[in-house]
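Here the structure comes first, spelled out in structure tokens, and everything after it is commentary.
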Amino acid sequence: MPDRLILEFDKVMRTLFAPASSRREVPGGALPEATLSDRERQHAGALMRIDHVGEVCAQALYQGQALTCRDMALRHALQRAADEETEHLAWTERRLAELGARTSLLNPLWFVGALSIGALAGKLGDHWSLGFLAETERQVEAHLDDHLRNLPMQDLKSRAILEQMRLDEISHAETAVRLGARRLPMLARLAMKFAARSMTRAAYHV
């Protein structure tokens with residue numbers, strides 16, 4: 001148990017304070033940088049900051065769910081998904097730097113909240129935990145669709161990152177359903193949307 005606690009704490013520190021790494025090439029990495037006005041660059045940076053916050057929360061959610069997961073095979077599936085989310089973290093982090101933007105100052109707060117929610121979801125049982133995962137990924141997919149519509153049209157580098165992230169999130173949701181996810185009650189889905197909306201509004205600015 002002490003060894004596992006140390007490993008889990010190390011994951012927290014790496015997510016919040018260490019540069020993330022990616023085994024895959026950054027989508028759109030070879031594309032030329034777009035000519036953006038100061039306002040367009042700030043807007044693209046703010047959108048990418050929200051997406052980076054989403055990936056911080058994804059790391060925390062998966063970690064919390066894995067901590068309370070009862071099934072070893074499911075725990076490995078959660079870890080594989082978390083590895084892909086780490087790549088998303090690296091991609092958004094790099095794009096923020098390219099746009100001259102910063103990560104959210106509230107990332108530690110987002111992480112603690114998401115970790116707690118993930119652990120609670122895992123405590124409810126594996127099928128409900130998977131249902132929570134699937135619904136989260138569906139809402140992230142919708143959120144990425146919205147960002148793709150609102151990005152400056154010429155910002156192809158940001159667009160390529162979000163498009164690949166969207167495909168990965170769809171795959172994660174499909175995996176959760178295949179593993180036995182239960183559909184969450186409407187009230188739970190609405191509460192998740194409200195929480196996500198509050199987070200995105202704050203992350204756009206802070």
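Starting from 1, each residue takes its place in the sequence as its number.
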Distance from Ser104 atom OG to His52 atom NE2, nearest 0.5 Å?
9.5 Å
Whether Thr68 side chain and Gly64 backbone form a donor-acceptor pair below 3.5 Å
yes
Nearest heavy-atom neighbours spanning Glu93 and Ala20
OE2-N, 3.3 Å
Inter- and intrachain pairs under salt bridge (Lys or Arg N to Asp or Glu O under 4.0 Å), touching residues 147-156, at least two apart:
Arg95-Asp155, Asp146-Arg149
Under a single-linkage definition using a 4.5 Å side-chain heavy-atom cutoff for Ile, Leu, Val, Met, Phe, Trp and Tyr, are Phe111 and Leu61 assigned to the same hydrophobic cluster?
no
Quick one: ring pair (Phe, Tyr, Trp, His ring centres under 6.0 Å) pairs with a partner in residues 160-205, sequence neighbours left out?
His43-Tyr204
Tell me, please, which residues at least two apart from Met199 pass side chain to side chain contact (heavy atoms under 4.5 Å, CB included).
Val53, Cys57, Trp110
Run the side-chain donor-acceptor check on residues 22-30: report pairs under 3.5 Å with partners two or more places apart or on a different chain.
residue	atom	partner	partner atom	Å
Ser22	OG	Arg24	N	3.3
Ser22	OG	Arg24	O	2.8
Ser22	OG	Trp91	NE1	3.0
Arg24	NE	Glu87	OE1	2.7
Arg24	NH1	Asp168	OD2	3.4
Arg24	NH2	Glu87	OE1	2.9
Arg24	NH2	Asp168	OD2	2.8

With sequence neighbours left out, the residues meeting side chain to side chain contact (heavy atoms under 4.5 Å, CB included) with Ile170 are Glu141, Arg166, Glu174
Rounded to the nearest 0.5 Å, what separates atom CZ in Arg41 from atom CD in Glu98?
9.5 Å
Can you check side chain to side chain contact (heavy atoms under 4.5 Å, CB included) on Arg159 and Met153, steps first, answer last?
CA-CA 8 Å; Arg159 192 171 297 278; Met153 288 301 297; 3.9 Å; yes
Common cluster, Leu96/Val206, ILVMFWY with side-chain heavy-atom separation under 4.5 Å:
no
Do Thr35 and Gln154 touch side chain to side chain, with heavy atoms closer than 4.5 Å?
no
Write down the atom of Gln65, the atom of Gly118, and the distance for their closest heavy-atom approach.
CG-O, 3.3 Å
Does a side-chain heavy-atom distance below 4.5 Å link Ser158 with Leu47?
no
Counterpart residues, side-chain hydrogen bond (donor to acceptor under 3.5 Å, both in side chains), relative to Thr200 (two or more places apart):
none
Closest heavy-atom pair and its distance - Leu151, Leu162
CD1-CD1, 3.7 Å
Residues forming a side chain to side chain contact (heavy atoms under 4.5 Å, CB included) with Arg102, sequence neighbours excluded:
Arg49, Leu105
Which pairs pass side-chain hydrogen bond (donor to acceptor under 3.5 Å, both in side chains) with one or both residues in residues 183-196, sequence neighbours excluded?
none
Exercise: do Thr86 and Gln59 side chains pair donor with acceptor under 3.5 Å
yes
For a quick check under 3.5 Å, do Thr92 and Glu55 share a side-chain donor-acceptor pair by atom type?
no
Report the residues that fulfil side-chain hydrogen bond (donor to acceptor under 3.5 Å, both in side chains) with Ser198, sequence neighbours left out, ordered by chain and then residue number.
none
Suppose we screen for side chain to side chain contact (heavy atoms under 4.5 Å, CB included). Which residues come up paired with Ala134, at least two apart in sequence or across chains?
Arg138, Ala176, Val177, Ala181
Is it true that Leu115 and Val140 fall in one hydrophobic cluster, defined by side-chain heavy atoms closer than 4.5 Å?
no
ILVMFWY network linking Ile117 to Leu124, side-chain heavy atoms under 4.5 angstrom:
yes
From Leu144 CG over to Gln164 CD, what is the distance, rounded to the nearest 0.5 angstrom?
11.5 Å
Step through the shown structure and confirm whether more than 12 heavy atoms of other residues, nucleotides or ligands are within 6.0 Å of CG on Asn150.
yes
Test: ring pair (Phe, Tyr, Trp, His ring centres under 6.0 Å). Region: residues 22-41. Which pairs qualify, not counting sequence neighbours?
none
Using every non-hydrogen atom in the two residues, find where Pro152 and Leu36 come nearest and quote the distance to one decimal.
CB-CD2, 3.9 Å
Let me know which of Met192, Glu169, Arg197 forms a side chain to side chain contact (heavy atoms under 4.5 Å, CB included) with Gln139.
Met192
Show me the pairs that pass ring pair (Phe, Tyr, Trp, His ring centres under 6.0 Å) and involve residues 119-160, at least two apart or across chains.
His143-His147
Does any part of the side chain of Glu137, heavy atoms only, come nearer than 4.5 Å to the side chain of Leu133, both counted from C-beta?
yes
Shared hydrophobic cluster for Ile50 and Met165 (ILVMFWY, side-chain gaps under 4.5 Å):
yes
